[in-house]
Amino acid sequence: MTAQHTLPPFHTQHSALSLPWPVDWTQFFGSTRPLVLEIGFGTGTFLEHLAATHPDKHLVGLEISNQCLVKAERMIARHRYSHVAVIHSRAETALHHLFTPASLDAVYVNFPDPWFRKEHSHRRLMQRDTLDAIVSRLKPGGEFFLATDIRDYADMAADLLADTPALQSLNDGAWSPQPTPGRIVTKYEAKAHREGRSCYYFAWRRTEVPVPELPVIKEWPMPHIVLESPLSLDTIREAFAPFHAHDGDIHVGINEVFRGRNSLLFEIHASEPTIEQHTALSLSPHSGAGPGSFTLQMTTIGHPRPTRGIHLAVRGLADWILALSPEQSKIRNEKLADGE
Ligand SMILES: C[S@@+](CC[C@H](N)C(=O)[O-])C[C@H]1O[C@@H](n2cnc3c(N)ncnc32)[C@H](O)[C@@H]1O
């Protein structure tokens with residue numbers, strides 16, 4: 001087989017934005033088997049090892065680095081593995097959107113957050129919300145494995161885990177200085193060994209203690225508004241200044257406007273607790289209607305999903321356009337969800 005044949009076709013690329021929410025993993029893999037997740041697989045050495053040693057399980061790897069994803073996809077194609085898949089997603093997004101409660105048999109996290117500083121707590125993987133999401137998605141009896149070479153990180157993780165009644169350590173203390181049996185050495189682990197740093201290996205099991213309910217986030221409808229305004233696209237564009245809208249913990253920024261041939265494109269950023277999206281909304285003359293009638297809708301730029309944040313952006317932008325000429329503007333119809 002030539003190298004070219006080992007390259008996976010592009011359509012094998014999976015992302016949290018292109019998969020159904022939640023994923024039916026039995027349908028995805030074509031059979032039902034225990035489901036194992038590795039978060040931040042990096043070079044994929046550990047995922048490849050899991051794949052070789054667990055042919056009877058389904059393995060899902062999450063990464064945010066494209067380079068790592070392409071490498072892992074090549075590994076999967078080279079071995080012709082049909083029980084392994086990699087997904088472009090932040091762990092937080094995948095755990096909330098792609099998996100249902102009590103669906104995972106094991107979760108592995110190896111050497112996360114290498115530049116860990118206590119003050120960078122909001123960006124790190126091991127934090128209360130993400131650990132709660134991991135615990136929610138683990139089955140009772142399911143296992144959580146974490147390895148780190150940073151002592152402060154190990155102490156922080158030990159405190160978090162001690163405060164998690166639904167997990168129980170499989171070691172005498174929070175961690176073991178010895179690798180969990182069956183492990184292989186990952187790239188970061190090898191670096192730690194070369195540089196003389198100790199590693200801390202956590203192995204915890206989900207107990208029968210109930211966990212706080214963590215909802216499965218379902219798809220929202222495609223947002224769409226038809227509005228009437230006497231203003232031209234150019235006048236609306238000239239009046240534009242960036243603005244923000246928020247609803248509880250959802251924040252959206254309407255950052256920039258661009259003039260297309262027959263439309264305006266508004267660049268937006270929507271930040272929600274479980275997902276960040278960067279996309280554009282379009283405002284264009286409503287087809288089949290007379291002058292002064294416009295459609296405001298989501299575009300496919302950035303492959304967005306119609307979340308609450310995107311609905312909030314559409315609502316905020318429509319309100320802003322109406323406020324430019326309140327007496328002569330109105331909404332003709334809308335497909336927009338408000339609140340939960
Ligand atoms: C220090 S590397 C460790 C890689 C590998 N696990 C190892 O032990 O060699 C951390 C990896 O986690 C990925 N990562 C960081 N934050 C992530 C997140 N929120 N969700 C998924 N992957 C993440 C990074 O892209 C990187 O590849």
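When a ligand or atom number is given, it counts from 1 through the structure's own listing order.
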Peer 1: What part of F46 sits under 4.0 Å from ligand 1 if we count only heavy atoms: the side chain, the backbone, both or neither?
Peer 2: neither
Peer 1: Using a 4.0 Å heavy-atom cut-off, which part of E189 comes near ligand 1: side chain, backbone, both, or neither?
Peer 2: neither
Peer 1: Can a non-hydrogen atom of A147 be found less than 4.0 Å from any atom of ligand 1?
Peer 2: no
Peer 1: Nearest 0.5 Å, what's the OG1-CD distance between T45 and E189?
Peer 2: 10.0 Å
Peer 1: Is a salt bridge present between R33 and D56, judged by a nitrogen-to-oxygen distance below 4.0 Å?
Peer 2: no
Peer 1: Measure the CG-CZ distance between L138 and R205 for me, rounded to the nearest 0.5 Å.
Peer 2: 11.5 Å
Peer 1: Between the side chain of S103 and the main-chain N/O of T100, is any donor-acceptor distance below 3.5 Å?
Peer 2: yes
Peer 1: Does ligand 1 have an atom that lies less than 4.0 angstrom from a heavy atom of T43?
Peer 2: no
Peer 1: Note the single closest protein heavy atom to atom 15 (C) of ligand 1, along with its residue, its atom name and the distance in Å.
Peer 2: I64 CD1, 3.7 Å
Peer 1: Where do L19 and F28 come nearest, in terms of heavy atoms and distance?
Peer 2: CD2-CE1, 3.8 Å
Peer 1: Is the shortest N/O to N/O distance between G40 and ligand 1 below 3.5 Å?
Peer 2: yes
Peer 1: Counting non-hydrogen protein atoms only, what is the nearest one to atom 2 (S) of ligand 1? Give residue, atom name and distance.
Peer 2: Y188 CE1, 3.6 Å
Peer 1: Without swapping roles, check the side chain of T164 against the backbone of L160 for a donor-acceptor pair under 3.5 Å.
Peer 2: yes
Peer 1: Evaluate A91 for polar contact with ligand 1, using N/O atom pairs at a separation under 3.5 Å.
Peer 2: yes
Peer 1: Consider every N or O of R90 and every N or O of ligand 1, then say whether any pair is closer than 3.5 Å.
Peer 2: no
Peer 1: Among protein heavy atoms, which sits nearest to atom 3 (C) of ligand 1, and what does the distance come to when rounded to 0.1 Å?
Peer 2: F111 O, 3.3 Å
Peer 1: For atom 19 (N) of ligand 1, what's the nearest protein heavy atom and its distance?
Peer 2: E92 OE1, 3.3 Å
Peer 1: The criterion is side-chain hydrogen bond (donor to acceptor under 3.5 Å, both in side chains); which residues satisfy it with E276, sequence neighbours excluded?
Peer 2: H269, S271
Peer 1: Under a 4.0 angstrom heavy-atom cut-off, which atoms of ligand 1 come close to N110?
Peer 2: 3 (C), 5 (C), 6 (N), 8 (O)
Peer 1: Which of the atoms of ligand 1 are close to T186, meaning less than 4.0 Å from one of its heavy atoms?
Peer 2: 7 (C), 8 (O), 9 (O)
Peer 1: Between R315 and L336 (side chain of the first, backbone of the second, donor and acceptor by atom type, cut-off under 3.5 Å), is there such a pair?
Peer 2: no
Peer 1: Taking D113 for the side chain and L125 for the main chain, is one N or O donor matched with an acceptor at less than 3.5 Å?
Peer 2: yes
Peer 1: When you measure from atom 25 (O) of ligand 1 to each heavy atom in E63, H88, Q67, K187, which option holds the nearest one?
Peer 2: E63
